[in-house]
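Structure record follows, encoded as structure tokens.
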Number of protein chains: 2
Amino acid sequence: MYEINFMYGYKLTNSSEMNQITNKIRIKDIAILAGVSEGTVDRVLHNRGDVSAKSLEAVNKVLEEINYTPNLLARSLASKKQYRFVCLYPEHNLADYWHSIDVGFNQAASEFSNHNVIIEKRYYNQFDPLSFISISNEILLNLPDAVFIAPIFREEALNFTIELKKLQIPFSIFDSMLEEAEFITYYGQNSFQSGYIAAKLLLEALPKESQVLIIRTHRKGSVSNQTIYRNNGFMQFIKDNNMVDFYELINIELKDDDKNSNLEALRTVFAAYTNIKAAIVFNSKVNRLAMDLVTLNQTDVRLIGYDLLEENVAYLKQGVVSSLIAQRPEKQAYLTVRDMCREIIFKQKVNRINYVPIDILMKENIEYYMNF
Amino acid sequence: MYEINFMYGYKLTNSSEMNQITNKIRIKDIAILAGVSEGTVDRVLHNRGDVSAKSLEAVNKVLEEINYTPNLLARSLASKKQYRFVCLYPEHNLADYWHSIDVGFNQAASEFSNHNVIIEKRYYNQFDPLSFISISNEILLNLPDAVFIAPIFREEALNFTIELKKLQIPFSIFDSMLEEAEFITYYGQNSFQSGYIAAKLLLEALPKESQVLIIRTHRKGSVSNQTIYRNNGFMQFIKDNNMVDFYELINIELKDDDKNSNLEALRTVFAAYTNIKAAIVFNSKVNRLAMDLVTLNQTDVRLIGYDLLEENVAYLKQGVVSSLIAQRPEKQAYLTVRDMCREIIFKQKVNRINYVPIDILMKENIEYYMNF
DNA sequence: TGTGTTCCCGTGTTCGCCCACAAAGATACA
DNA sequence: TGTATCTTTGTGGGCGAACACGGGAACACA
């Protein structure tokens with residue numbers, strides 16, 4: 001009787017009571033339809049208990065019939081809970097790849113600040129696993145609401161995630177994969193496939209018998225999975241296309257920090273091999289090689305590398321680098337945060353493993369990427 | 001005196017009055033600092049008048065010193081204004097390019113519905129300028145708060161924008177450019193450049209003396225600027241690289257609707273020209289040609305086309321199409337709406353002309369685009 | 001019937017901002 | 001000085017959801 005009365009009255013009040021233009025349903029509407037109070041609906045929606053079986057059923061019945069989407073604006077406005085998210089990735093400078101990750105996290109920080117989200121950034125030394133350990137320990141003491149990790153150091157990162165699990169702190173990973181971890185999301189490139197494509201771009205129009213330089217930069221302390229997987233993909237392309245005997249692959253390893261010694265090493269290589277037609281660097285340091293090729297007057301070499309660092313882009317525009325493969329680092333960071341918000345604030349479903357597009361950049365289309 | 005007292009007290013109230021964790025500044029804070037009421041600050045912020053010179057100055061002074069960013073959640077929640085945005089673009093079916101535009105607008109619709117934005121879609125027949133005119137007239141009578149236009153028909157669209165201008169209705173354009181119009185934003189591809197890149201991808205490894213098919217699909221009633229610009233870019237690449245004498249370009253025009261006649265026409269072409277090594281279609285209809293090439297057993301022809309329609313992607317994966325050039329139609333639509341919200345609701349600055357990236361898709365990287 | 005306990009439930013306040021309305025102050029004129 | 005008019009200002013009531021608090025109903029037991 002009570003319920004019917006209300007429903008009847010409800011339909012009559014065509015303007016003052018119901019928001020008629022957008023027929024958005026509010027908690028109040030559900031309460032009226034279910035014949036309970038707003039507080040009860042709220043308790044049901046949040047599984048907060050203290051609801052009788054009868055009320056529970058009534059509310060659930062209404063919820064099944066209608067399509068209630070909470071007003072996220074009102075929710076965040078009313079909620080007093082502060083969310084503290086901590087990001088953990090390598091320290092860097094402006095010209096570094098990791099700076100783009102920084103940019104993405106900053107975007108997310110400003111966009112979600114109204115939802116009571118605070119983003120803290122912690123950096124480790126990517127050549128020193130101990131720095132990772134010590135900073136991750138600090139984070140554990142802070143008890144953040146979520147953590148985002150670039151797991152350069154496999155073992156150390158895995159241990160960290162295990163501790164997070166114990167404390168029931170949700171976390172996401174990005175940049176490189178850590179299959180065993182129970183992360184909320186992963187955003188990153190499929191490295192194998194990006195190496196595969198690199199091979200296609202580098203080799204497709206190359207004359208047989210060419211010599212091809214494959215550059216590794218040495219990292220003390222750690223091994224980046226990325227470059228290994230990329231290299232594997234590269235080799236797979238050669239196999240798949242029966243090119244094994246076509247080219248002579250010359251693997252050389254360069255130091256990551258000392259520029260002069262690389263130049264001399266390269267000079268030696270070019271003296272020894274006289275038919276080098278192509279070269280690839282499996283990380284963002286391709287600008288180093290480009291610089292050296294310019295010095296050595298070897299710009300006819302077809303050169304491919306990774307990531308849109310300012311210097312890399314400059315060499316691409318000059319034509320020294322013929323293609324760059326990119327992986328949207330800003331998006332990786334931004335979406336990692338967005339999805340964590342969806343997961344723990346908005347209680348929405350998120351996709352767990354997300355491979356970002358493998359972007360192919362040439363001097364003819366680079367401009368529109370940079371301004372987007 | 002009054003002011004100083006308040007400021008002093010203000011700094012003392014470290015917890016109850018000020019939200020200390022995120023030091024977000026509220027209208028209330030500004031009011032206290034300026035020694036006026038919240039209502040006055042509100043009037044200043046919205047240029048709503050009825051403010052004395054003295055109060056105005058006081059508030060502006062505070063605003064200059066601090067960095068006030070309004071809480072957009074609270075703003076939208078409180079605002080009673082409904083925004084009605086109307087989109088105008090070609091009618092389509094699921095397999096069509098314009099369906100992706102639809103998807104983008106839908107995304108925007110659900111994301112901005114909480115900000116009191118309603119998105120209405122109106123479709124015209126892309127082969128009938130009159131349909132554009134009649135529907136645009138209907139829109140003018142409706143007095144929406146903003147309009148988004150895909151200006152396929154240059155003259156007609158321009159006239160429409162002039163009328164919108166008179167009514168002071170802001171509008172944005174997407175897909176193709178309309179330089180003379182006073183739009184808020186443009187999102188679309190630089191067609192010339194995308195044709196330029198297409199030429200690079202198609203011709204770079206092509207043997208001299210090859211014959212190249214250039215396909216135009218005929219559209220009764222209208223001419224799409226896009227395909228003309230793309231063609232121009234294509235030709236420019238040939239000129240820039242001194243390739244004019246390398247290839248024999250065969251321009252053929254196919255009907256847009258009748259499949260059989262195209263097959264016969266193509267059969268004739270392949271009978272007449274026996275060294276066709278490459279082909280390009282300057283719009284999303286490349287799947288038609290791909291189908292015919294399969295029928296004619298001519299899949300060795302290197303084929304390039306535009307846009308990620310399901311059928312195009314299928315042929316790309318099969319290897320019949322060697323590359324597709326894409327332009328993020330969903331993003332175009334979504335960002336058009338987002339920027340209009342920023343402009344008229346959030347009062348933020350937006351960038352006027354936005355060229356979307358020219359994406360290069362091959363069978364090796366298509367997968368990661370489709371799932372993103 | 002009175003008292004205590006447990007279980008449910010409704011109400012009221014808050015978030016930051018918008019906006020209407022009425023009150024207060026300023027000015028002009030009789 | 002009083003009254004009318006205009007200008008300027010402060011206050012209060014929403015927006016939709018979160019959450020605390022206190023009160024009512026139901027039951028048990030004395």
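Quick note on labels: first sequence line is chain A, next is B, and so on, each numbered from 1. Just so it is clear, the model here is predicted, and its values are computed rather than measured.
The phosphate of C:dC9 has OP1 or OP2 within less than 4.0 Å of a side-chain N or O from A:Ser55. A sub-4.0 Å separation between OP1 or OP2 of D:dG10 and a side-chain N or O of B:Thr40 is present. Taking side-chain N and O atoms only, B:Ser52 has a distance below 4.0 Å to OP1 or OP2 of D:dT9. Listed pair B:His46 / C:dC18 meets the phosphate criterion, a side-chain N or O lying under 4.0 Å from OP1 or OP2.
Looking at heavy-atom distances under 4.0 Å, A:Ser76 makes no contact with the nucleic acid at all. Residue contacts shown for B:Ile27 are limited to sugar-phosphate atoms, with no base heavy atom under 4.0 Å away.
In this structure, B:Asp50 atom CG and C:dA24 atom P are separated by 18 Å, rounded to whole Å. Separating the NZ atom of A:Lys54 from the P atom of D:dA26 is a distance of 10 Å, rounded to the nearest angstrom.
Contacts between residues 64-73 of chain A and DNA chain D, defined by a heavy-atom separation below 4.0 Å, involve A:Tyr68, A:Pro70, A:Asn71, listed by number.
Residue B:Arg26 has its side chain nearest to C:dG16 when only C:dG16, C:dG10, D:dA17 are considered. Set against C:dC19, C:dA20, D:dC15, the side chain of B:Leu77 has D:dC15 as its closest nucleotide. Counting only heavy atoms from C-beta on, A:Ala74 has its side chain closest to D:dA17 among D:dG10, C:dC15, D:dA17. Nearest nucleotide to the A:Arg48 side chain, out of D:dT11, D:dA18, C:dC9: D:dA18.
B:Phe346 and B:His115 have their aromatic ring centers within a separation under 6.0 angstrom.
Both B:Ala78 and B:Gly39 sit near DNA chain D, but only B:Gly39 has its closest nucleotide nearer the 5' end.
A cation-pi geometry, defined here as NZ or CZ lying under 6.0 Å from the six-membered ring centre and within 45° of its normal, does not hold between A:Arg328 and A:Phe174.
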